[in-house]
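So the structure is just underneath, and the comments pick up after that.
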Amino acid sequence: MKKNSMNLFPCALTGIGYGIPVTLLCMTILGGWQEPLGEFTVWTVASALIGILSGIAFGSEKLTLPMALAIHGSGTFAIVVGACRICGYASSFIRLFTGVFPVFLIVYAAIYGINYFLIKQEEKRINAALNSQN
């Protein structure tokens, strides 16, 4: 009997990817446009833009990892600052920058660390599979 080791995480991400825009549309149709809905829409669009930027930066074989990280990190920060500005989180750009930057660094480093760990785990799994075939 073949062991079924389906990873449900990509399925959940696909569900979220389809579900959030549909939910925002339905909430607008059913309840009308409200401030929390606008803020959630801004962050949904920002997330989509960050996803596109991730695909471009890390999907390019022409970029080294440090170059991809520099492009991705600065682009992601610009998107986050723009979303914060649209949502009105601060009265000036300086306050926005100084408020967002430390939080951004912590979150970016945490996400990078988690991804690095997951990549290393997958690398070990692949190497073990390759070594067992020899």
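Position 1 is the first residue of the sequence; numbering continues from there. These numbers come from a predicted model, not from an experiment.
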Could you check Leu69 against Tyr108 for side-chain contact (heavy atoms from CB on, under 4.5 Å), going step by step and ending with a plain yes or no? CA-CA 11 Å; Leu69 279 172; Tyr108 196 86; 3.9 Å; yes
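The closest donor-acceptor contact from the side chain of Thr76 to the backbone of Gly73 lies at 3.5 Å or more, if one exists at all.
Residues Val80 and Ile50 meet the side-chain proximity criterion, which asks for heavy atoms closer than 4.5 Å. Side-chain contact between Pro10 and Asn7 is present, with at least one heavy-atom pair separated by less than 4.5 Å.
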Expected list for residues 16-34: side-chain donor-acceptor pairs under 3.5 angstrom, two or more places apart:
unit_1 : atom_1 : unit_2 : atom_2 : d
Thr23  : OG1    : Gly19  : O      : 2.6
Thr28  : OG1    : Leu24  : O      : 2.8
Gln34  : NE2    : Gly31  : O      : 3.0

Show every donor-acceptor pair shorter than 3.5 Å between a side-chain atom in residues 89-105 and any protein atom, with sequence neighbours excluded, or say none if there are none.
unit_1 : atom_1 : unit_2 : atom_2 : d
Tyr89  : OH     : Glu39  : OE2    : 2.2
Tyr89  : OH     : Trp43  : NE1    : 3.1
Ser92  : OG     : Arg95  : N      : 3.2
Thr98  : OG1    : Ile94  : O      : 2.9
Thr98  : OG1    : Arg95  : O      : 3.3

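Rounding to the nearest 0.5 Å gives a distance of 9.5 Å between CD1 of Ile79 and OG of Ser74. Note that the OH atom of Tyr116 and the CD atom of Glu123 stand 8.0 Å from one another [nearest 0.5 Å]. Rounded to the nearest 0.5 Å, atoms OG1 (Thr41) and CD1 (Ile86) are 11.5 Å apart.
Connection of Leu53 to Met67 is established within a shared hydrophobic cluster, with ILVMFWY side chains joined at heavy-atom distances below 4.5 Å, either directly or through further cluster members.
Scored by the side chain to side chain donor-acceptor pair (under 3.5 Å) test, Glu122 finds Arg125 as partners (sequence neighbours excluded). Tyr112 is linked by a ring pair (Phe, Tyr, Trp, His ring centres under 6.0 Å) to nothing, counting only residues two or more places apart in sequence or in another chain. The side chain to side chain contact (heavy atoms under 4.5 Å, CB included) check on Glu35 picks up nothing, with sequence neighbours excluded. Scanning for ring pair (Phe, Tyr, Trp, His ring centres under 6.0 Å) contacts around Phe58 gives His72, with sequence neighbours left out.
In terms of heavy atoms, Leu63 sits closest to Ala57 at CD1-O, 3.5 Å.
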